[in-house]
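All remarks here apply to the structure that follows.
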Amino acid sequence: MNTLLYIRGEPGSGKATVTRILQRKLGWKLVWFHDFDFLRPIVGDKYAELVIGDAVMMVLRKLLDFGENVIYVRPSRTPGTVDRVRVMAAERQARFVLVGLTANYETLCERVSERQSSPYRLNTREGLDEYLS
């Protein structure tokens, strides 16, 4: 039975760090939500979440169909997203493991402000506050 490990958490909670360690130790395929941000300029921000979500689901389905173990990372706060992935994994008889990472507010602010600038990742306290509100 293959496994889909879904890692989620607030910006700055350590998803990238934990994922790098797990991928190195396990050698599993990695699907990172930000890898699909190239679609934003093509479809526009209005439809980006929907299109990117559909693209990710297609990739996850194919990897599980091929018998791969997968680590999926997404900074989602939407319960529907987790349920959608959980159902898809169950349909493929894959084990679904959800890992939620968190950190206190000051730690999140510190980590986010240390990031390199990117149009698709939060890197300011103000951006984090807006995301959390």
Side-chain angles (χ1 to χ4, degrees):
M1 173 183 283
N2 52 343
T3 300
L4 194 157
L5 176 63
Y6 186 132
I7 300 176
R8 64 185 243 166
E10 308 295 348
S13 61
K15 294 181 303 293
T17 303
V18 168
T19 300
R20 278 193 304 269
I21 293 167
L22 287 173
Q23 188 182 28
R24 186 173 53 243
K25 297 230 181 240
L26 300 173
W28 292 7
K29 300 291 183 183
L30 173 63
V31 177
W32 189 278
F33 192 75
H34 293 297
D35 290 344
F36 294 87
D37 281 334
F38 71 90
L39 292 171
R40 288 183 188 280
I42 298 167
V43 300
D45 283 337
K46 181 177 179 182
Y47 300 109
E49 293 297 313
L50 179 62
V51 171
I52 293 170
D54 287 347
V56 166
M57 289 297 289
M58 184 172 59
V59 169
L60 292 174
R61 273 189 211 103
K62 287 299 176 190
L63 288 171
L64 292 176
D65 288 346
F66 295 149
E68 298 286 351
N69 292 307
V70 181
I71 301 171
Y72 173 45
V73 185
R74 180 174 183 181
S76 173
R77 304 177 86 201
T78 311
T81 302
V82 174
D83 292 337
R84 185 177 176 199
V85 175
R86 183 190 326 265
V87 167
M88 183 273 302
E91 290 170 352
R92 279 149 182 78
Q93 300 175 349
R95 184 176 318 129
F96 178 83
V97 179
L98 177 64
V99 176
L101 301 178
T102 188
N104 67 44
Y105 177 73
E106 288 306 316
T107 300
L108 294 176
C109 288
E110 181 181 318
R111 289 179 180 165
V112 164
S113 64
E114 291 173 350
R115 290 178 171 175
Q116 293 180 357
S117 181
S118 165
Y120 306 116
R121 295 186 75 199
L122 296 176
N123 57 7
T124 65
R125 180 184 287 256
E126 294 78 19
L128 178 64
D129 288 343
E130 182 179 330
Y131 177 86
L132 294 174
S133 65

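Here Leu60 contributes atom CG and Asp65 contributes atom CG; the two are 10.5 Å apart, rounded to the nearest 0.5 Å. Considering CH2 of Trp28 and CG of Leu4, their distance stands at 8.5 Å, rounded to 0.5 Å. Arg24 contributes atom CZ, which lies 8.0 Å from atom CZ of Arg20 (distance to the nearest 0.5 angstrom). Taking CZ of Phe96 as the start and OG1 of Thr3 as the end, the distance is 11.5 Å to the nearest 0.5 Å. From Leu22, atom CG reaches atom CD1 of Ile71 across 5.0 Å, with rounding to the nearest 0.5 Å. The structure places OG1 of Thr81 at 9.5 Å from CE of Met57, a figure rounded to the nearest 0.5 Å.
Looking at Lys29, its side chain never comes within 3.5 Å of a backbone N or O of Tyr72 through a donor-acceptor pair. Under a 3.5 Å cut-off, the side chain of Asn2 and the backbone N or O of Ala94 do not form any donor-acceptor pair.
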Could you go through Glu10 and Tyr131, starting from their C-alpha distance and side-chain angles, then the distance that decides it, and tell me whether this counts as side chain to side chain contact (heavy atoms under 4.5 Å, CB included)? CA-CA 9 Å; Glu10 308 295 348; Tyr131 177 86; 2.9 Å; yes
Show, in sequence, the C-alpha distance, side-chain angles and deciding distance for Val31 and Leu63, and conclude whether the side chain to side chain contact (heavy atoms under 4.5 Å, CB included) test is met. CA-CA 10 Å; Val31 177; Leu63 288 171; 3.6 Å; yes
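For the pair Met88 and Leu64, the minimum side-chain heavy-atom distance is below 4.5 Å.
Under a hydrophobic-cluster definition in which Ile, Leu, Val, Met, Phe, Trp and Tyr are linked whenever side-chain heavy atoms come within less than 4.5 Å, directly or via other members, Val59 and Ile42 are assigned to the same cluster. Trp32 and Val51 are assigned to two separate hydrophobic clusters, defined by single-linkage of ILVMFWY side chains at heavy-atom distances under 4.5 Å. Linking ILVMFWY residues whenever their side-chain heavy atoms come closer than 4.5 Å, directly or via other members, leaves Met58 and Val70 in distinct clusters. One hydrophobic cluster, built from ILVMFWY side chains closer than 4.5 Å, holds both Ile7 and Val97.
The local environment of CD in Glu130 is sparse, with at most 12 non-hydrogen atoms from other residues, nucleotides or ligands closer than 6.0 Å.
Heavy atoms only, all atoms of each residue included: Ala48 and Arg40 are closest at CB-NH1, 3.3 Å.
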For residues 98-108, which side-chain N or O atoms pair as donor and acceptor with protein atoms under 3.5 Å away, sequence neighbours left out?
| residue | atom | partner | partner atom | Å |
| --- | --- | --- | --- | --- |
| Asn104 | OD1 | Glu106 | N | 3.2 |
| Asn104 | OD1 | Thr107 | N | 2.8 |
| Asn104 | OD1 | Thr107 | OG1 | 2.9 |
| Tyr105 | OH | Asp129 | OD1 | 2.5 |
| Tyr105 | OH | Asp129 | OD2 | 3.3 |

